Amino acid sequence: MSLYRPPRIASSEITSERWFLNRRGFLAAAAGGALAAAGSPAFGEALKSSKSPYTVNEKLTPEKDVTSYNNFYEFGLGKGDPAANSENFKPTPWTVKVDGLVGKPKEFGLEELLAMPLEDRVYRMRCVEAWSMVIPWVGFPLSALLDKVEPLGDAKYVAFETVVRPEEMPGQSGYFQSLPWPYVEGLRLDEARHPLAILAVGVYGKTLPNQNGAPIRLVVPWKYGFKGIKSIVKITLTDKQPPSTWNISAPNEYGFYANVNPEVDHPRWSQASENRIGEGGFFGANRQPTLPFNGYADEVASLYSGMDLRANY
Amino acid sequence: MLPALPRKYHAASIWLLYAAGFVPAAYGFWLGATGRLPGNPVKEFEHLLGLWALRFLVATLAITPLRDLLGINWIRYRRALGLLAFWYVLMHFLTYMVLDQYLNFSAILVDIVRRPFITIGMGAFVMLIPLALTSNNWSIRRLGPRWVKLHKLVYIIAAAGALHFAMSVKVVGLEPWTYIALVAVLLAYRPIRPMLRGRKRRPPEPALRESERSA
Ligand code: HEM
């Protein structure tokens, strides 16, 4: 099995950096032009992005599975519900408000976010339900956004919030509400600043489909998938640990950290192994061992040194 | 009232029910084995089998109130429905053991002992075994009144099945609540029944009915 390899800075990287910077300027201009012409980006639009060394070398989960097997309770509880029930969701126009303990609070338009230097990141995704995928995201480091708002010294955590639109999200209306809305999540500031933590705006080279969290979502590959909050409208820097939806809903099952850990079972199932999605039927399916921090231990374990990972699940 | 099925078709209709009853499992297996189930085919199939097991349990429990309250006598199908529930739970269990857990017996044992929803499912399965083994005329005759007593276990099995379903999901949505409600109503009917029957003065029913004896 090929494991995640931490990026090394090779000389080729250094030369490509200059090219990359030029390309970024070009892309921003191109994106601006395209947006001016088309109004706003549509779902499924091709995105320009550059290669990233933060990429795993494993077989990709087919696009069909990545975009049809989802947990996004705003659109229903079934895995197929997000794809089936999200056609009325409007990911444009969109803004993300970044506020709290920052020097320069700001509301970012989607155009601005799409003009950030986008990278291809092939990440493992490990759901808390013991299945996994390998997904080619397009996004930019969360730290790049945080830098723009200049967090204050006493900021210790980052809180995230999903949009609430009962008229477009069937799971948010009706008699039966599965979770309290808005869906909220949080990270410690050092986790949020880790280069692996990204805001994704695309998957498989195109803007995000609604069911995957359009137009912008969090991806934190060493944590269980539910930390990857979707359709983000607000990011707030705070000095207190922010609430997270699944932790509110079942605190004994879902912790704040939610780091992938094969040694700490979910009360109702083992986390020691996982089912890789999309390998062709019963017999092509593949149950494989789950790795500490989802295989990203070399990169992120130091964030938690000295912490009891059983108590802080 | 439904037109009564001519007697000569009773036996055939029971076999038809068995044949139709296995269609969801066969179709699901074919879809999964040929890569036509999207997403997580093993879980989809495991869930399909569990849901049909629960449906057949609910149908088994519905036979008596259907006859009492609506006058529809489908008692000849009750054994088939109960046995279909058993076969579906068995397939559900085998899918979990083989396709889901890859016969990792230590993991399976830990699941059964430590995860309450699986402990409850396992309990229901174990209780279903003697019921399936005694679902034949010979056993009914041999066991006599004890047969009726033994088969009251189905009430516990159905309650356990619905509870197992509700405990297996992350959020108890409309579907598990529906099954909990159905099972609750069907079980609550049992203690109420003698009162209704007392009013109508029906004779107590034998475990083995005339129609079954001939079938
Ligand atoms: C009367 C017996 C049983 C009934 C009626 C039953 C029914 C069900 C139902 C309806 C579901 C959920 C389907 C869904 O989510 O759509 C389920 C899930 C499940 N059952 Fe059972 N079951 C029974 C016995 C068992 C046994 C004996 C085992 C294993 C020892 C078992 C293991 C499981 C597992 C592992 C799940 C899936 C949890 C997941 O989603 O990962 N069940 N069952």
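Convention: sequence-line order gives letters A, B, ...; per-chain numbering from 1. Bear in mind that the values here come from a model prediction, so they are computed numbers and not experimental data.
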Chemist: Quick one: what part of B/Ser168 sits under 4.5 Å from any heavy atom of chain A, side chain, backbone, both or neither?
Modeler: backbone
Chemist: Side chain from CB out, backbone as N, CA, C, O: work out which of these in A/Glu129 comes under 4.5 Å of a heavy atom of chain B, or both, or neither.
Modeler: side chain
Chemist: Taking B/Met167's backbone N and O only, do any of them form a donor-acceptor pair with A/Arg268's side chain (distance below 3.5 Å, no angle check)?
Modeler: yes
Chemist: Yes or no on side-chain contact (heavy atoms from CB on, under 4.5 Å) for B/Val42 and A/Arg287, after CA distance, side-chain angles and deciding distance?
Modeler: CA-CA 11 Å; B/Val42 172; A/Arg287 190 170 271 281; over 6 Å; no
Chemist: By number, which residues in residues 66-81 of chain A have some heavy atom less than 4.5 Å away from chain B?
Modeler: A/Tyr69, A/Asn71, A/Tyr73, A/Leu77
Chemist: Report which part of B/Val110 has an atom under 4.5 Å of a heavy atom belonging to chain A: side chain, backbone, both, or neither.
Modeler: neither
Chemist: Please say whether more than 12 non-hydrogen atoms of neighbouring residues, nucleotides or ligands are located less than 6.0 Å from CH2 in A/Trp181.
Modeler: yes
Chemist: Within a 6.0 Å radius of atom CH2 on B/Trp30, are there more than 12 heavy atoms belonging to other residues, nucleotides or ligands?
Modeler: yes
Chemist: Would the number of heavy atoms belonging to other residues, nucleotides or ligands and lying under 6.0 Å from CD of A/Glu263 be above 12?
Modeler: no
Chemist: Output the option from B/Lys43, B/Glu44, B/Lys170 having the highest count of non-hydrogen pairs under 4.5 Å with chain A.
Modeler: B/Lys170
Chemist: For B/Tyr155, I'd like to know if atom OH has over 12 heavy atoms of other residues, nucleotides or ligands within 6.0 Å.
Modeler: yes
Chemist: Roughly how far, to the nearest 0.5 Å, is CH2 of A/Trp269 from CD of B/Gln101?
Modeler: 12.5 Å
Chemist: Please flag which part of B/Asn104 lies under 4.5 Å from any non-hydrogen atom of chain A: side chain, backbone, both or neither.
Modeler: neither
Chemist: Under a 4.5 Å cutoff for heavy-atom pairs, which residue among B/Ile118, B/Leu31, B/Val172 has the most contacts with chain A?
Modeler: B/Val172
Chemist: To the nearest 0.5 Å, how far apart are OG in A/Ser178 and CG in B/Leu174?
Modeler: 11.5 Å
Chemist: Taking B/Asp111, B/Asn40, B/Leu37, B/Thr95 one by one, which has the highest count of heavy-atom pairs under 4.5 Å against chain A?
Modeler: B/Asn40
